[in-house]
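This is a predicted model, so every value here is computed, not measured. Atoms considered below: every heavy atom in the structure, side chains included; atoms not considered: hydrogens, waters and symmetry mates.
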Amino acid sequence: MPPVPVPTRTSSGRQRRTTKRENYRNDEAQEAARRKEEKQKKVQKKADKTARQARQQQADSDGDNQVADDEVNLSDADLDEDTMKRPDKAFPSERVFTSNDFARKTTSNSRIRNSPPRLSTVGDDDEVPATTDEDDDDDEITASGIKRGRQDFDDGNIVDPKAQMGNDGSKRRTKASDFDEFTQDVLSVAIAVFRCLVCTTAPFPETTAIETKMAEQAWAEACRRTGLNIRLTPAIHKMITKRTSHVRSELKTKARALTATFFAFRSGGHKSTIVRNRQRAEDLKEKDLFAYLDTELRKGLYKTEIIQLVLNDMWFTNRLDEGILYHEFFNPIPVETIALILTAIECCIDEWATGIKEDIKFSAAAYGSVYRAHLSSLTKFGEHTKKYNLLEKLSQRLHTNARFYSGAEPIKQREALSHDAFEAAMREYEEDSATEPESDEEPGEGPVDEDEQDGGVGDVM
């Protein structure tokens, strides 16, 4: 049944106004038509590009084939005549390049760009030994180039990481899979160490120099842990430093669900729900009320359970999490990490400031100053309560509970031997020395055999 046309005028003869639903449908139809037109343009543009590339490849192929056919079909006399006519063959030093030569040169250069560089541990001033065909046959060729052996790192030289271009010879964004297996091992450890450094020393670095220093420290630690000595290149440095914002976003994402549940924010569009959420967010933000254990009486500063929950979920999920594998960064929990957790919780509370949850970016520009305020408050808290070491006890308690939550065994500190043990060992040695008989033999000498006294030759039967 065809749709009934909408009348343009009312019964009284006045011009009929379109309803909101009709306006919405018209806008949707126009938007759909616009998207369809843009999609068709993209498809056509891609088809034109593919056709141009195909024509270019065909032209290059025809040029190479034409040159090869001309040289094959020529006789010796024709070759001599052709050499006389073509100065590029008669005088190699003054060669004149033709269009076909440039086509072959472009194809050759593209092959060179596509092939990965051969790894070399030789310095700039060292002499490069000549290679033979037998040496080349011993190298194992893989998809990413010549495979690097573990022996390349035995000399202690700093080697360059191996990476390759895209299949079409063009530059693209560097990924971890672009490097060989040794570089990937170092890179994975360096990224984990860098994440730990960011969360425990400088979550919101104020300068690029601080970020660069952390990346260099992480790379050096990764090389030490893996036993590999690979150079830190700008591309790898960029891949590492990008984790600064990544780890902050990950922390805020994990804190979001915990904050909404812990402080009983409710989702919904009812007016009473919106008013309640907005009032709840304002109360929690007033003088950092969310950092107290008892929000009604404002007691238990920095003892709120939400800090422990976020800490467990971020770094101590299981026995293979960063807080366990790299426990030296988290034992005890640094004050910078506690300040970062409080900043993430405050960001999650800010998302409910209007009564309806809105996504707020956890960026350095928006929350760098908030983090520094929390860090300053924690530092002053530690100084004011230094008599009872409340801040140190808080950090140690957070780490102990988090490690228990992960299921890992407690860290056992090995105690050094006491002074009494050394004294007992010395007295034991003195008593044994007094009872041992003195010997005139030199160290290393023993009883002399009679055959050795006779020159080393026994009786011959």
Side-chain angles (χ1 to χ4, degrees), residues 161 163 171-179 183-184 186-222 232-260 290 306-307 309-317 321-323 325-326 329-330 333-353 357-376 378:
K171 292 183 179 180
R172 56 184 174 85
R173 188 176 61 180
T174 306
K175 299 183 296 183
S177 58
D178 295 335
F179 298 97
T183 307
Q184 290 183 33
V186 180
L187 181 59
S188 61
V189 177
I191 290 176
V193 173
F194 180 79
R195 284 167 53 92
C196 295
L197 286 173
V198 168
C199 297
T200 57
T201 57
F204 296 90
E206 299 180 7
T207 61
T208 309
I210 298 176
E211 209 170 32
T212 301
K213 185 178 180 181
M214 289 192 298
E216 293 174 352
Q217 291 177 355
W219 188 257
E221 177 65 17
L232 177 61
T233 61
I236 296 178
H237 177 274
K238 185 177 181 181
M239 293 178 62
I240 295 175
T241 53
K242 284 197 314 184
R243 266 61 185 183
T244 303
S245 58
H246 290 182
V247 69
R248 288 200 304 260
S249 300
E250 181 182 349
L251 174 63
K252 185 239 180 174
T253 301
K254 292 185 176 182
R256 175 186 291 166
L258 295 172
T259 302
F290 64 91
I306 187 65
I307 298 178
L309 294 175
V310 175
L311 179 69
N312 296 346
D313 200 24
M314 181 63 186
W315 294 286
F316 293 88
T317 305
D321 212 343
E322 293 173 346
L325 296 179
Y326 305 96
F329 296 101
F330 298 93
I333 302 300
V335 63
E336 291 84 358
T337 306
I338 301 175
L340 175 62
I341 294 174
L342 291 172
T343 308
I345 295 172
E346 184 170 349
C347 177
C348 295
I349 295 175
D350 290 339
E351 291 185 338
W352 294 93
K357 188 176 75 66
E358 298 178 352
D359 188 15
I360 297 179
K361 190 174 182 181
F362 194 41
S363 61
Y367 285 92
S369 59
V370 178
Y371 162 77
R372 287 186 286 273
H374 283 297
L375 182 61
S376 177
L378 282 166

Practice problem: Could you tell me which non-hydrogen atom of Phe204 sits nearest to which non-hydrogen atom of Ala364, and how far apart they are? | Solution: CD2-CA, 3.5 Å
Donor-acceptor contacts, no H, no angles, side chain residues 208-217, under 3.5 Å, sequence neighbours left out:
unit_1	atom_1	unit_2	atom_2	d
Glu211	OE2	Thr244	OG1	2.7
Thr212	OG1	Thr208	O	2.9

Quiz item: Do you know which two heavy atoms are closest between Cys348 and Ala255, and how far apart they sit?
Solution: SG-C, 3.7 Å
Practice problem: Find the distance between CG (Leu187) and CZ (Phe179) and round it off to the nearest 0.5 Å. | Solution: 7.0 Å
Quiz prompt | Set of ring-ring contact (aromatic ring centres under 6.0 Å, His included) partners for Trp219, sequence neighbours left out | solution = none
Quiz item: For the atom pair CG (Asp321) and CZ (Phe316), what is the distance rounded to the nearest 0.5 Å?
Solution: 8.0 Å
Quiz prompt | Donor-acceptor contact present, side-chain Asn312 to main-chain Leu309, <3.5 Å | solution = no
Quiz item: Can you pull the salt bridge (charged side-chain N to carboxylate O under 4.0 Å, His left out) pairs that have at least one residue in residues 244-254, sequence neighbours excluded?
Solution: Arg195-Glu250, Glu250-Lys254, Lys252-Glu351, Lys252-Asp359
Quiz item: Of all heavy-atom pairs between Glu336 and Thr201, which one has the smallest distance, and what is that distance?
Solution: CG-O, 3.7 Å
Quiz item: For Tyr367, which residues count as a ring-ring contact (aromatic ring centres under 6.0 Å, His included) partner, sequence neighbours excluded?
Solution: Phe362
Quiz item: For Ile345, does its backbone N or O pair with a side-chain atom of Thr259 as donor and acceptor, under 3.5 Å?
Solution: no
Quiz item: Roughly how far apart are Leu258 CG and Ile341 CD1, rounded to 0.5 Å?
Solution: 11.0 Å
Quiz item: Once you round to the nearest 0.5 Å, how far does CD of Glu221 lie from OH of Tyr326?
Solution: 8.5 Å
Practice problem: Work out which heavy atom in Leu342 is nearest to a heavy atom in Leu378; give both atom names and the distance. | Solution: CD1-CD1, 4.3 Å
Self-check item: Those residues that, when tested against Ser363, pass side chain to side chain contact (heavy atoms under 4.5 Å, CB included) (two or more places apart)
Solution: Lys361, Ala365, Ala366
Self-check item: Exercise: identify the closest heavy-atom pair between Ala235 and Thr174
Solution: CB-OG1, 4.2 Å
Result block: side-chain N/O donor-acceptor pairs under 3.5 angstrom for residues 236-243, not counting sequence neighbours:
unit_1	atom_1	unit_2	atom_2	d
Thr241	OG1	His237	O	3.0
Thr241	OG1	Lys238	O	3.2
Arg243	NH1	Met239	O	2.7

Practice problem: Keeping the roles fixed (side chain from Ser376, backbone from Arg372), state whether a donor-acceptor pair exists under 3.5 Å. | Solution: no
Quiz prompt | Closest approach of Phe330 to Gly323 (non-hydrogen atoms, all atoms of both residues) | solution = CD1-CA, 3.8 Å
Quiz item: Roughly how far, to the nearest 0.5 Å, is OG1 of Thr253 from CG of Asp313?
Solution: 11.0 Å
Self-check item: Atom pair CZ/CG of Phe329 and Leu197 - distance to nearest 0.5 Å
Solution: 4.5 Å
